[in-house]
Amino acid sequence: MREWAEFREEHDADGAVTVVLSGPLVVSAIGELDRDLRALAGPVARVDLSEVSEIDTVGAWIAWRLARDHSADISSTSDKAERLIAAVHRSGGDAAVTPPELPVFERVFARVGDYVLATFAGMRGFLGFMGAMLIAIGHLLRNPGEFRIKALVRQLELVGVNALGIIGLMSFLVGIVIAQQGAVQLQQFGAEIYTINLTGRLAFRELGVLMTAIMVAGRSGSAFAAQLGTMKLTEEVDAMRTIGVSPVEALVIPRVLAATFMMVLLGFYASLAAILGGAFISTMTLEIPFMTFLTRIQEVVPLHDIWVGLIKAPVFGAIVAMAGCYQGMQVKGNSEEVGLRTTIAVVQAIFAVIVLDAFFAVFFTEVGWG
Amino acid sequence: MTTHIPGHVEHYTGDYPIVVEGVRNQFGDHVIHEDLSLKVRRGEILGVVGGSGTGKSVLMRSIIGLQVPDAGEITVLGQSITDAKDDDDIDIRSRWGVLFQGGALFSTLTVAENVEVPLLEFYPEIADQLRHEIALYKVMLSGLPSEAAAKYPSELSGGMRKRAGLARALALDPELLFLDEPTAGLDPIGAAAFDRLTRELADTLGLTVFLITHDLDTLYEICDRVAVIADKRVIAVGSIPELLALDHPWIQEYFNGPRGRAAEAAQHRAKQVDKPQGGKA
């Protein structure tokens with residue numbers, strides 16, 4: 001059973017009020033007492049601690065505050081109480097425990113203003129980031145010996161080789177869905193043979209590359225942002241600068257190059273996996289033999305469809321990697337920022353990829369690669 | 001789920017709030033501690049020294065239940081830590097405060113909010129206003145200016161972060177205080193001030209302090225006794241003169257090395273300065 005600290009008021013002959021505190025005046029027992037004492041109207045002339053069984057700094061604070069608020073005297077019988085009251089007395093002060101906040105009306109404008117400024121700062125920052133990358137690329141072209149081949153190979157493995165399993169499986173399943181759903185619709189006017197055209201062209205032009213870009217954004221773009229962000233927090237990036245290593249050259253360029261290069265291979269690989277998925281489901285449900293499906297693909301998919309995919313892939317890869325690296329390099333302050341920036345990196349990358357994909361679709365149709 | 005609200009507990013009145021007996025800690029094949037025993041007296045500041053990698057921090061983590069020893073018995077404030085089946089069993093967490101090496105402040109909360117975390121966790125019945133007041137005086141008690149209360153840890157210097165960590169460790173008026181290298185990385189003035197603060201708080205609040213340190217000045221200045229960890233166990237506990245009388249090579253090298261001598265000389269000078277002043281008063 002919990003024992004609470006208590007108080008009672010005693011009236012002297014001359015009408016002065018003494019507040020007698022009793023029981024354990026410690027942090028675990030003062031929740032109620034604090035509320036009651038705050039509501040006490042006063043005036044209080046004396047605070048009596050002689051019936052207090054135990055006291056800690058929180059109890060001392062309560063007693064001292066009561067005395068301060070009512071300009072009362074404290075009478076205590078123990079050394080410990082006096083020592084603690086003296087300690088909290090020295091530490092008594094008024095200050096906010098959270099950063100000051102503006103009134104709601106002003107806060108709305110302040111927020112909007114901050115947002116606008118942050119947007120401009122972000123645009124400027126990204127421009128600066130691109131500039132730094134160009135400088136680094138220029139530097140590396142003039143001094144190819146300084147290029148970090150090991151870092152690049154490591155990133156190629158992380159971004160590309162390690163993603164083969166999940167991207168292959170995902171594309172295979174997407175291929176199955178496209179072929180199966182397409183077949184259901186095409187069957188209505190007896191054109192299920194066009195399932196092959198549908199699956200093949202869609203896989204090479206759009207799905208292979210787009211789905212891969214989204215997967216790479218989720219796998220690698222987020223990893224870039226989190227890695228670089230953490231390195232910023234632990235001052236590793238600053239340490240590199242001091243040693244004379246350019247963080248852009250050492251961290252950003254290998255990642256962007258790896259993602260750009262690997263997106264081409266992964267995109268093509270994903271297209272093939274999607275077609276295999278389509279062929280698989282067609283064999284199972286449409287009675288189109290597996291090999292026939294693949295041979296027909298060769299006939300119905302024009303070569304420029306493959307070019308469309310292969311041209312888009314490196315652009316998407318570069319965007320995903322740059323979004324990740326840029327956001328990672330922007331981290332400062334605390335660990336929450338790392339999570340925030342990682343989310344922004346992935347969302348921005350996927351959004352930019354889809355917007356660009358729409359432009360590419362219009363562009364390639366206009367140039368006759370429809 | 002057990003509730004975190006402890007009943008009112010009497011302060012520990014035994015002689016040894018921390019008792020470590022025959023503890024073995026090992027990571028894989030690497031044995032850190034073997035048959036390590038240590039008793040901490042109530043109300044003392046015990047300094048714990050030892051070379052890098054001798055497991056000072058591991059010992060502290062074992063005592064506060066973050067690391068389960070492979071063998072042995074640890075009793076804190078009369079309650080067994082090693083018998084606890086899981087974290088919830090250790091219900092004396094409200095009675096100790098820990099200052100980790102880097103401060104380990106929650107980076108998304110202000111200093112004052114950091115101090116309020118344990119208060120909110122253990123005593124949710126305390127009104128917001130009182131909690132803010134408590135946080136504020138703890139911050140100032142730890143030697144920080146009141147403006148620091150509303151700042152985030154990333155806005156503070158290393159020394160201020162340590163003080164903020166100390167304020168959080170003291171949030172619940174603990175009986176035990178664990179400090180892991182509190183003066184590491186501080187400038188000599190800041191380190192000396194932190195030492196004085198530790199001594200002052202220990203005396204004022206009646207704390208028992210378990211202090212891991214490499215700082216010889218700290219040992220000479222504020223520690224009542226010093227425990228030396230070497231050869232996987234505590235080889236000696238005692239005041240510095242007592243330790244110096246021992247013939248262990250590591251202890252001799254530690255206290256009689258150039259830094260040890262400098263710290264001793266500083267202590268000696270400080271005492272001589274103190275004496276005439278004491279005479280006048």
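Because only heavy atoms are used, hydrogens play no part in the values below, and waters and symmetry mates are left out as well, while side chains stay in.
Applying the ring pair (Phe, Tyr, Trp, His ring centres under 6.0 Å) criterion to B:Tyr220, with sequence neighbours excluded, gives no partner residue.
Using a 4.5 Å cut-off between heavy atoms, A:Ile62 touches chain B through its side chain atoms alone. Using a 4.5 Å cut-off between heavy atoms, B:Lys151 makes no contact with chain A at all. Heavy-atom distances place both the backbone and the side chain of B:Ser107 under 4.5 Å from chain A. Using a 4.5 Å cut-off between heavy atoms, B:Tyr152 contacts chain A through its side chain alone, with no backbone atom that close. Both the backbone and the side chain of B:Gln129 come within contact range of chain A, each with at least one heavy atom under 4.5 Å from a heavy atom of that chain. Neither the backbone nor the side chain of B:Leu201 comes within contact range of chain A; no heavy atom of the residue lies under 4.5 Å from a heavy atom of that chain.
Judged purely by distance below 3.5 Å, without hydrogens or angles, the side chains of A:Gln327 and A:Arg341 pair a donor atom with an acceptor atom.
The only option from B:Leu77, B:Leu176, B:Leu177 that meets the side chain to side chain contact (heavy atoms under 4.5 Å, CB included) definition with B:Thr208 turns out to be B:Leu176.
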Under 3.5 Å, sequence neighbours excluded: what are the donor-acceptor pairs made by side chains of residues 102-121 of chain A?
unit_1: A:Arg107; atom_1: NH1; unit_2: A:Glu101; atom_2: OE1; d: 2.9
unit_1: A:Arg107; atom_1: NH1; unit_2: A:Leu102; atom_2: O; d: 3.1
unit_1: A:Thr119; atom_1: OG1; unit_2: A:Tyr115; atom_2: O; d: 2.7

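Residues from residues 156-168 of chain B never place a non-hydrogen atom less than 4.5 Å from a non-hydrogen atom of chain A. Contacts between residues 190-199 of chain B and chain A, defined by a heavy-atom separation under 4.5 Å, are made by no residue at all.
Under a cut-off of 6.0 angstrom, the local environment of NE2 in B:His214 is crowded, with over 12 non-hydrogen atoms contributed by other residues, nucleotides or ligands.
Here B:Glu133 is the residue among B:His132, B:Glu133, B:Glu113 with the most heavy-atom pairs under 4.5 Å with chain A. Contacts with chain B were tallied for A:Glu337, A:Arg38, A:Arg35, A:Glu32; A:Arg38 has the most, counting heavy-atom pairs under 4.5 Å. When each of B:Leu130, B:Val111, B:Leu109, B:Leu170 is scored by its heavy-atom pairs under 4.5 Å with chain A, the top score falls to B:Leu130. Annotation: maximal heavy-atom pairing with chain A below 4.5 Å, among B:Ser142, B:Ala127, B:Ala135, occurs at B:Ala127. Counting heavy-atom pairs under 4.5 Å between each of A:Leu233, A:Thr57, A:Ile30 and chain B puts A:Thr57 at the top.
Side chains of B:Ile18 and B:Phe178 form a contact here, defined as non-hydrogen atoms less than 4.5 Å apart. A heavy-atom distance below 4.5 Å is found between the side chains of A:Arg255 and A:Gln227. Side-chain contact check for B:Glu175 versus B:Pro17: every heavy-atom pair is 4.5 Å or farther apart.
Classified by interplanar angle (parallel below 30°, tilted 30° to 60°, perpendicular above 60°), the ring pair B:Tyr137/A:Trp61 is parallel.
A salt bridge is absent between B:Arg42 and B:Glu44; no separation between the charged side-chain nitrogens and carboxylate oxygens falls under 4.0 Å. The pair B:Asp173-B:Lys138 meets the salt-bridge criterion, with a side-chain N (NZ, NE, NH1 or NH2) lying under 4.0 Å from an Asp/Glu carboxylate O.
Note that the CG atom of B:Leu179 and the CD1 atom of B:Ile212 stand 9.0 Å from one another [nearest 0.5 Å]. Distance check, rounded to the nearest 0.5 Å: CG of B:Asp15 to NZ of B:Lys39 gives 9.0 Å.
Checking side-chain atoms of B:Thr110 against main-chain N and O of B:Ala150 turns up no donor-acceptor pair under 3.5 Å.
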